[in-house]
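One-based numbering, in listed order, for ligands and for the atoms of each. Residue numbers start at 1 and run along the sequence shown.
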Amino acid sequence: MSEEIYGKLAQAVVDGEPEDAEEIAQDALDKGLDPLACINEGLSPGIDRVGELFATGEYYLPDLIMGGDAMKAALTILEPALTGDQGRDILARVVLGTVEGDLHEIGKTLVGTMLTANGFQVTDIGVDKTSADFIDAVRQSGATLIGASALLTTTMLQQQKLIEALEEAGLREQVKVMIGGAPVTETWAEQIGADGYAEDAISAVAEAKRLASA
Ligand code: B1M
């Protein structure tokens, strides 16, 4: 049964059908399926397929937008069901955002959900955020960790600029920087002097915990 529902979730994303995606996600929860498995086994393969079809020219920008909207619609149902320990001490304050010039929000938001569910206090500043936006948010929230997401090879450079801006602002010693996003690699993280890198939302939690206790 679960494989069938994962397949339906993936198909709703490929078809760009937000209402179907929402309904299937609710049905999955009603049937007791694990929300994280629904994301990893259903929605993610679906959005990856959308990306492939876009890359090969079979899908156009509106299809990309509808695929993203369908995934977001399902996530509004699944994310609140991702459980975490409530009422614990805060592990660390985190400022999370997608870097300047980059409008991709789904992965970043998922990372934020997982961090929140695991005891971090997350200030999600949104997408297309400049280094100055990250720095302002750090000053306002007292965060000791920044999470910077980039989905485009062109905007990865903004992660490097963010680290340079933190140095210029005299904040580099106080704030750890974790980076991620589909084109980002551990090698890139090392190259730009980031403190941490995570491939997905699950490993982002482990990496943030490592950085918070370092
Ligand atoms: Co865009 N887009 N897009 N897009 N888009 C990609 C990234 C692309 C690979 C598609 C393709 O060509 N195959 C390609 C990038 C090519 C490149 O740079 N090499 C691309 C392109 C080209 C573009 C435009 C330029 C298209 C155009 O206008 N011609 C344009 C750029 C706009 C801009 O940002 N300035 C554009 C626009 C869009 C939409 C806005 C339409 C839409 C986003 C909607 C939204 O976010 N609300 C969109 C989408 C949906 C995609 C794909 C299909 C899916 C992205 C996604 O949400 N994945 C994507 C192809 C793909 O990645 N398969 C594509 C699901 C999400 C859960 O995964 O974001 O990877 P992801 O996040 C993961 C990990 O990466 C990691 O954890 C997450 C969860 O596991 N992670 C972190 C992410 N951030 C992290 C931070 C961390 C740690 C881990 O620490 C801080």
Side-chain angles (χ1 to χ4, degrees), residues 9-10 13-14 16 18 21 35-76 78-79 82 92 94-118 120 122-129 134 143 145-159 162-163 175-186 188-189 192 194-212:
L9 279 170
V13 173
V14 173
L36 193 56
C38 291
I39 295 170
N40 290 336
E41 309 294 325
L43 299 179
S44 290
I47 199 75
D48 285 346
R49 182 73 190 128
V50 171
E52 284 163 20
L53 291 167
F54 180 72
T56 55
E58 285 162 80
Y59 268 18
Y60 297 97
L61 192 55
D63 305 303
L64 202 58
I65 294 170
M66 290 310 290
D69 284 352
M71 178 147 183
K72 275 193 338 184
L75 286 174
T76 58
L78 297 173
E79 282 186 331
L82 291 168
V94 184
V95 165
L96 179 68
T98 303
V99 295
E100 186 175 8
D102 198 321
L103 301 174
H104 295 86
E105 64 173 339
I106 298 171
K108 176 268 300 164
T109 304
L110 199 51
V111 169
T113 302
M114 292 306 294
L115 290 179
T116 304
N118 283 279
F120 290 86
V122 177
T123 304
D124 186 337
I125 60 172
V127 299
D128 190 16
K129 292 301 167 191
F134 278 94
L145 178 59
I146 286 179
S149 179
L151 262 286
L152 300 171
T153 42
T154 47
T155 57
M156 282 164 63
L157 279 175
Q158 296 301 329
Q159 294 174 324
L162 171 61
I163 290 171
V175 186
K176 300 259 168 47
V177 179
M178 172 168 75
I179 62 169
V184 177
T185 61
E186 192 149 22
W188 173 245
I192 66 172
D195 303 291
Y197 155 77
E199 190 181 0
D200 55 35
I202 308 282
S203 46
V205 173
E207 187 68 340
K209 283 184 177 168
R210 181 183 76 77
L211 294 173

Nearest atoms (heavy-atom pairs only) where Val13 meets Leu43: CG2-CD2, 3.7 Å
Validation row: Leu162, Gln159 side chains within 4.5 angstrom (heavy atoms): no
Residue pair Phe120 / Val94: nearest heavy atoms and the distance that separates them: CD2-CG2, 3.7 Å
Min side-chain heavy-atom separation Val14-Leu53 under 4.5 Å: yes
Under-4.0 Å protein heavy-atom contact, atom 40 (C) of ligand 1: no
Part of Ile179 with heavy atoms under 4.0 Å of ligand 1, whether side chain, backbone, both or neither: backbone
For atom 10 (C) of ligand 1, closest protein heavy-atom neighbour: Phe54 CD2, 4.0 Å
Where ligand 1 meets Leu151 - atom numbers and elements under 4.0 angstrom, heavy-atom basis: 7 (C), 69 (O), 70 (O)
Proximal candidate to atom 35 (N) of ligand 1 [heavy atom criterion; set Gly101, Gly107, Pro183, Ala148]: Gly101
Interatomic distance, Met114 atom CE to Ile39 atom CD1 [nearest 0.5 angstrom]: 8.0 Å
Under 3.5 Å: N/O of Leu64 near N/O of ligand 1: no
Approximate separation, where rounding is to 0.5 Å, of Thr116 OG1 and Leu96 CG: 8.5 Å
Non-hydrogen side-chain atoms of Ile202 and Leu36 separated by less than 4.5 Å: yes
Atoms in ligand 1 flagged as close to Asp48, the criterion being non-hydrogen separation under 4.0 Å: 63 (N)
Protein residue, atom and distance nearest to atom 25 (C) of ligand 1, heavy-atom basis: Leu152 CD2, 4.4 Å
Ligand 1 contact by Gly67, heavy-atom criterion under 4.0 angstrom: no
Nearest non-hydrogen protein atom, atom 65 (C) of ligand 1: Ile47 CG2, 3.5 Å
Heavy-atom pair with the smallest gap, counting every atom of Val111 and Ala204: CG1-CB, 3.9 Å
Distance-minimising heavy-atom pair for Ile179 and Trp188: CD1-CD1, 3.7 Å
Side-chain (Asp128) to main-chain (Gly101) donor-acceptor, under 3.5 angstrom: yes
Options Gln159, His104, Met178, Lys72, ranked by nearest heavy atom to atom 64 (C) of ligand 1, top entry: His104
Any Glu199 heavy atom less than 4.0 Å from ligand 1: yes
Over all atoms of both residues, closest heavy-atom pair of Ser149 and Gly181: OG-CA, 4.5 Å
Check: Phe134 and Ile125 side chains under 4.5 Å, non-hydrogen atoms: yes
Non-hydrogen atom of Glu52 closer than 4.0 Å to ligand 1: no
Heavy atom of the protein closest to atom 89 (C) of ligand 1 (residue, atom name, distance): Ala198 O, 3.3 Å
Ala182 N/O under 3.5 Å from ligand 1 N/O: yes
Proximity winner for atom 85 (C) of ligand 1, if only heavy atoms of Gly180, Gly57, Pro45 are counted: Gly180
Protein contact for atom 7 (C) of ligand 1 (heavy atom, distance under 4.0 Å): yes
Protein heavy atom under 4.0 Å of atom 87 (C) of ligand 1: yes
Nearest-0.5 Å distance that lies between atom CD in Glu58 and atom CD in Glu52: 9.5 Å
Close-contact set for ligand 1 against Ala201 heavy atoms, below 4.0 Å: 77 (O), 79 (C), 80 (O)
Taking atom 81 (N) of ligand 1 as the reference point, the nearest protein heavy atom with its distance: Gly181 N, 3.5 Å
Sub-4.0 Å protein heavy atom next to atom 59 (C) of ligand 1: no
Residue part near ligand 1, for Ser44, under 4.0 Å between non-hydrogen atoms: neither
Side chains of Glu79 and Leu110 in contact at under 4.5 Å (non-hydrogen atoms): yes
Within reach of ligand 1, part of Val111 (heavy-atom separation under 4.0 Å): side chain
